[in-house]
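Lettering of chains follows the sequences in order, A, B, ..., and the numbering in each one begins at 1. Just so you know, these numbers use all the heavy atoms, side chains as well, and skip hydrogens, waters and symmetry mates. Quick caveat: nothing in here was measured; it's all calculated off a predicted structure.
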Amino acid sequence: QQPVQSPQAVILREGEDAVINCSSSKALYSVHWYRQKHGEAPVFLMILLKGGEQKGHEKISASFNEKKQQSSLYLTASQLSYSGTYFCGTEYTGNQFYFGTGTSLTVIP
Amino acid sequence: DTGVSQDPRHKITKRGQNVTFRCDPISEHNRLYWYRQTLGQGPEFLTYFQNEAQLEKSRLLSDRFSAERPKGSFSTLEIQRTEQGDSAMYLCASRLGGSSYNEQFFGPGTRLTVL
């Protein structure tokens, strides 16, 4: 039931763009995105709900395709501070929350 | 600082010992989650509280694990008869109820090492 993310890892130069994908085998009601830096706790980035509502940081955008059960996170003009591991997460039914497999992002000067 | 605190931050114990971790959520948040995270993996759901009621428990959670949230405030996670496989980061997150639109706020975690 764990969402699958792709790519597993990506290396960018500052200023480049990246897309991180999250796919689910089950219907998604909402998708959450978090970033985790090494040795730290996950930090909220964005929530997307069925129907198009979303909440998140201004500099980050994401999409949610309900029919394909997929979400994508778009990172534009990457900065060194974007480095970390990105996780999508979702609640299918009930109150169990499942995090995805993770995508390691490294931004180099 | 998200406003969620966990104590202790690090715990080293010997196999077979019991350990207890504490989580203090953001005061107005009625939802509380516990996760376990091992190196290179995403957080793995353990259990969920709404106020003082434990509403969900992962099937992966053995009977050596127990959690409480008395009075719907702080929560404790106890592991009895620890095993080396319990070594991990234990994360707590709190969330405001009433909407799926609300995010989780994570504490800094408790790193457990079982020798």
Side-chain angles (χ1 to χ4, degrees), chain A residues 1-6 8-9 20 22-24 27-57 60 62 64 66 71 84-105, chain B residues 1-6 9-10 21 23 25-26 29-51 53-61 67 69 88-111:
Chain A
Q1 291 184 325
Q2 182 181 32
V4 177
Q5 293 181 229
S6 63
Q8 284 186 312
I20 299 172
C22 174
S23 296
S24 171
L28 294 171
Y29 174 76
S30 67
V31 178
H32 299 220
W33 286 96
Y34 290 82
R35 177 173 59 213
Q36 186 175 29
K37 293 186 179 284
H38 183 70
E40 300 179 8
V43 173
F44 167 75
L45 296 176
M46 177 161 281
I47 285 177
L48 303 102
L49 301 181
K50 282 180 72 169
E53 286 185 271
Q54 55 179 260
K55 178 174 83 169
H57 293 278
I60 292 177
F64 181 15
E66 300 164 23
S71 177
T85 303
Y86 289 75
F87 294 102
C88 64
T90 191
E91 299 159 301
Y92 293 116
T93 58
N95 299 297
Q96 295 208 22
F97 196 89
Y98 294 90
F99 279 92
T101 50
T103 296
S104 174
L105 180 79
Chain B
D1 184 359
T2 61
V4 179
S5 61
Q6 292 186 244
R9 296 290 305 275
H10 302 273
F21 309 141
C23 171
I26 295 171
H29 288 186
N30 61 336
R31 300 184 186 182
L32 188 146
Y33 302 79
W34 282 99
Y35 296 91
R36 177 173 62 194
Q37 186 174 28
T38 53
L39 197 61
Q41 303 297 314
E44 175 189 29
F45 171 84
L46 293 178
T47 191
Y48 163 76
F49 288 87
Q50 186 165 307
N51 299 310
Q54 187 175 20
L55 298 185
E56 286 282 351
K57 198 172 172 182
S58 169
R59 293 175 197 172
L60 301 175
L61 205 63
R69 193 183 182 196
M89 176 73 85
Y90 290 84
L91 293 164
C92 167
S94 73
R95 184 181 185 190
L96 190 61
S99 170
S100 295
Y101 213 41
N102 296 321
E103 68 268 35
Q104 296 182 47
F105 292 82
F106 283 84
T110 294
R111 181 166 296 284

Handout entry: B/E44 portion near chain A, given a 4.5 angstrom heavy-atom threshold
Key = neither
Handout entry: Atom group of A/Q36 that falls short of 4.5 Å from chain B, counting heavy atoms
Key = side chain
Problem - Interface moiety of B/F105 toward chain A, non-hydrogen atoms closer than 4.5 Å - result: neither
Problem - Contact origin within B/Q41 toward chain A - heavy atom pairs under 4.5 Å - result: backbone
Problem - Parallel, tilted or perpendicular: ring planes of B/F106 versus A/Y34, cut at 30 and 60 degrees - result: perpendicular
Exercise for the section: Could you tell me whether the side chain of A/T90 and the main chain of A/S30 form a donor-acceptor pair under 3.5 Å? Expected result: yes
Fill in the blank from the handout: Under 4.5 Å to a heavy atom of chain A? For B/R9 that would be neither
Handout entry: B/R111 portion near chain A, given a 4.5 angstrom heavy-atom threshold
Key = neither
Practice task
On the 0 to 90° scale, with breaks at 30° and 60°, tag the B/Y90-B/F21 ring pair as parallel, tilted or perpendicular.
Solution key: tilted
Exercise for the section: Could you go through the side chain to side chain contact (heavy atoms under 4.5 Å, CB included) check for A/L49 and B/Y101 one step at a time? Expected result: CA-CA 7 Å; A/L49 301 181; B/Y101 213 41; 3.3 Å; yes
Exercise for the section: Select one option (side chain, backbone, both, neither) describing which atoms of A/F87 are under 4.5 Å from chain B's heavy atoms. Expected result: side chain
Problem - Winner by heavy-atom pair count (cut-off under 4.5 Å) against chain B, out of A/P42, A/G100, A/A41, A/G102 - result: A/P42
Problem - Ring centres under 6.0 angstrom apart (A/F99, B/Y35) - result: yes
Exercise for the section: Any chance you could lay out the side chain to side chain contact (heavy atoms under 4.5 Å, CB included) test for B/Q54 and B/T47, step after step, and finish with the verdict? Expected result: CA-CA 7 Å; B/Q54 187 175 20; B/T47 191; 2.6 Å; yes
